[in-house]
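All chains are named by letter (A, B, ...) in the order of the sequence lines, taking the proteins before the strands, and each is independently numbered beginning at 1.
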Amino acid sequence: MEKLKSLLQRKKDLLSVYFTAGFPHIDSTVKVLKSLEKAGVDFVEIGMPYSDPLADGPVIQNSSTIALQNGMTLKKLFEQLSEIKGEVSIPIILMGYLNPVLKFGPEKFVEECKKNNVSGLILPDLPYETYVEEFQELFTSHGLSNIFLITPQTPEERIKKLDSASTSFIYMVSSAAVTGARDGLSAQQIEYFERVNTLQLSSPRMVGFGISNHDTYKNVCQYAHGAIVGSAFIKHLEQAGDDEEGIISFIKKMKTGKNAE
Amino acid sequence: MSTSFQPDERGFYGPYGGAYIPEMLIPNIENLKENYLRIMNSESFRKDFKTLLEDYAGRPSPLYHADRLSDHYGCNIWLKREDLNHTGSHKVNNTIGQILLANEMGKKRIIAETGAGQHGVATATVCALMGLECVVYMGETDIERQAPNVARMKMLGADVRPAMSGSRTLKDATNEALRDWIANPLDTFYLIGSVVGPHPYPDMVARLQSVISGEIQWQMRNKTGNSNPDYVVACVGGGSNAAGSFYHFLDEPEVQLIGAEAAGEGLTSGKTAASIAMGETGVIHGSMTNLMQTDDGQITEPYSISAGLDYPGIGPLHAWLAKSGRAKYLSVTDQEALDAALQLTQKEGIIPALESAHALAALNQLDLKSGENVVVTISGRGDKDMKTYMERLKLT
Ligand SMILES: Cc1ncc(COP(=O)(O)O)c(C=O)c1O
């Protein structure tokens with residue numbers, strides 16, 4: 001949590017990448033994570049694959065299905081993370097759905113997170129109210145920051161409530177949509193980013209969902225602390241595999257708009 | 001009216017229910033939560049709902065004393081004939097209610113999920129009635145096995161979209177409908193077809209379907225002098241016809257409530273949809289309930305011959321009725337349901353839906369005594385299942 005917090009205070013134009021654990025191969029998790037750090041990504045979200053990811057579009061759904069077919073489980077993910085403990089220093093956030101966490105056992109889950117240097121959690125189907133009542137103490141006592149989502153439809157008072165409960169950043173969902181790469185930003189989206197900026201929130205914001213290329217990344221950085229790339233990167237993994245060089249040049253292109261030499 | 005089995009303010013029935021939904025859906029769900037009871041209790045809603053149920057859907061549905069079936073079981077079998085409703089099942093009770101709500105809330109676009117296609121047809125029907133745009137998500141597997149209903153929805157003007165993930169059945173169609181709602185938060189109303197999903201859907205749908213038990217009460221009183229039967233038996237997919245059949249009897253402990261789940265090829269065959277018998281507590285489609293899952297918390301692909309029961313979860317009310325012991329849930333295999341369908345057809349001249357056949361088959365597991373009154377809800381008619389009946393009963 002502290003590592004993530006200080007990074008958000010220190011740096012602007014952050015680039016964060018989402019990838020699904022165990023995709024495209026069961027042992028891709030570590031390889032992709034290390035390659036992303038080497039490529040200069042600021043922090044990562046590792047997706048815990050789920051059979052019924054209802055906030056995800058087809059690209060991430062498909063990667064989850066394949067990861068599950070590959071035999072990916074939470075237990076396996078924690079084993080993979082413990083293998084590389086100390087070798088990766090960028091903050092790690094786990095993203096997934098509530099049911100596998102409940103089944104794993106919330107106490108055991110946060111213990112494993114703590115042991116493996118996980119900084120935060122994004123659980124889209126864990127609503128704020130339930131989080132506060134049932135999970136807040138457990139998460140914070142294990143150094144885990146719970147990351148809240150907001151959307152263009154989130155009312156102002158609710159944004160403020162989420163802001164005060166936030167201990168790292170707020171995840172600004174770029175539009176009313178499930179995950180998936182899209183081109184360009186609409187006037188409506190910009191209006192929404194500007195509106196949120198006028199609220200003078202204490203938490204930094206990262207924009208995610210639909211960030212697909214250098215232009216959208218750079219664009220949203222004008223309105224927020226940085227951007228999170230998900231489906232576009234999963235598509236890259238689908239096409240080019242988990243090869244380190246390919247990942248480095250994908251990130252370089254995202255950051256600079258130029259292809260690697 | 002029942003009190004002890006009502007959900008609390010946050011939609012919990014004991015430990016089950018609630019609203020485990022992504023932030024994207026919160027404004028819509030809050031809006032519905034704040035308005036559904038106010039609208040449903042309003043004079044104008046009650047009047048419109050009653051008029052449409054009577055003049056459009058053909059309610060009250062008969063409570064029919066099935067003489068030959070009664071002889072067979074040695075007691076009084078009463079069939080609650082939801083199969084005679086317009087569109088052929090109980091689903092229309094709910095869609096009429098929700099379309100009135102959607103109208104009142106100013107929504108112009110209706111989305112729904114469907115398994116057997118009965119809810120899809122009932123939704124497409126009320127959308128045609130009200131002149132509203134209608135999109136129905138249906139698993140690709142179900143599109144194949146319920147072709148007549150797909151044709152009906154299309155003729156009614158609905159856009160039927162295949163769900164291509166998972167086992168391509170009801171669970172996957174529900175995921176797609178929720179994704180659509182996330183992407184269309186302003187103009188769209190999600191018309192859920194059963195007592196599942198986040199609060200307030202389970203409560204809202206149970207209330208709308210409670211017209212079934214309300215009628216059973218006065219029909220039983222008129223016919224037997226006692227408004228309480230000894231048993232009420234209904235099939236359980238998500239659990240809406242069962243919730244509607246049980247509703248007014250929840251606080252009448254002398255009435256035994258029996259739900260019939262689909263065991264598929266058998267409880268331990270790995271091909272089943274019996275969420276109470278085989279499930280464990282977990283979250284599905286925004287609700288904490290009983291669901292079939294793996295040791296890693298992945299939702300299991302369900303299986304039943306009946307598309308309407310082919311769902312790995314169950315409404316939170318039923319999870320609570322099972323846990324608290326108020327209702328009992330029995331499992332019925334594909335074959336038992338087929339046999340029961342044939343029996344009803346040949347003894348009473350009524351071809352039931354495969355779903356409803358599960359309720360009929362559950363009678364074989366009850367210790368019925370002479371003089372007892374047993375109400376069985378025939379949730380729908382069998383027209384949509386003729387292909388399966390022809391094949392499995394070797395009728396060609
Ligand atoms: C005729 C019929 N009965 C029962 C069901 C199961 O739904 P529920 O358990 O919500 O009544 C369906 C669902 O499609 C149906 O079409």
Does any backbone or side-chain atom of [X] lie under 4.5 Å from a heavy atom of chain B? Answer side chain, backbone, both or neither.
| X | result |
| --- | --- |
| A:F209 | side chain |
| A:L54 | both |
| A:L68 | side chain |
| A:P53 | both |

Between [X] and [Y], what is the shortest heavy-atom contact and its length?
| X | Y | result |
| --- | --- | --- |
| A:N99 | B:G282 | OD1-CA, 3.1 Å |
| A:Y50 | B:I299 | OH-CD1, 3.2 Å |
| A:P100 | B:G297 | CG-O, 3.8 Å |
| B:Q298 | A:P49 | NE2-O, 3.1 Å |
| B:D296 | A:K103 | C-CG, 4.0 Å |

How about A:Q61 and B:R179: do any of their side-chain heavy atoms sit closer than 4.5 Å?
yes
So do the side chains of B:L186 and A:Q153 get within less than 4.5 Å of each other, counting heavy atoms only?
yes
Residues B:R10, A:E129: salt bridge by 4.0 Å N-O rule
no
Flag yes if more than 12 heavy atoms outside [X] fall under 6.0 Å of its [atom1] atom; otherwise flag no.
| X | atom1 | result |
| --- | --- | --- |
| A:E191 | CD | yes |
| B:E9 | CD | no |
| A:Q239 | CD | yes |

To the nearest 0.5 angstrom, please state how far the [atom1] atom of [X] sits from the [atom2] atom of [Y].
| X | Y | atom1 | atom2 | answer |
| --- | --- | --- | --- | --- |
| A:T151 | B:E23 | OG1 | CD | 7.0 Å |
| A:S51 | B:Q293 | OG | CD | 9.0 Å |
| A:L98 | B:Y20 | CG | OH | 7.0 Å |
| A:D56 | B:I182 | CG | CD1 | 9.0 Å |

At a 4.5 Å cut-off on heavy atoms, which part of [X] comes close to chain A: side chain, backbone, both, or neither?
| X | value |
| --- | --- |
| B:E280 | side chain |
| B:E176 | side chain |
| B:I26 | side chain |
| B:M288 | side chain |
| B:T294 | backbone |

Scored by heavy-atom pairs under 4.5 Å with chain B, the best of A:I150, A:L126, A:L102, A:D52 is A:D52
Among B:S165, B:G18, B:P185, which residue forms the greatest number of heavy-atom pairs with chain A at distances under 4.5 Å?
B:P185
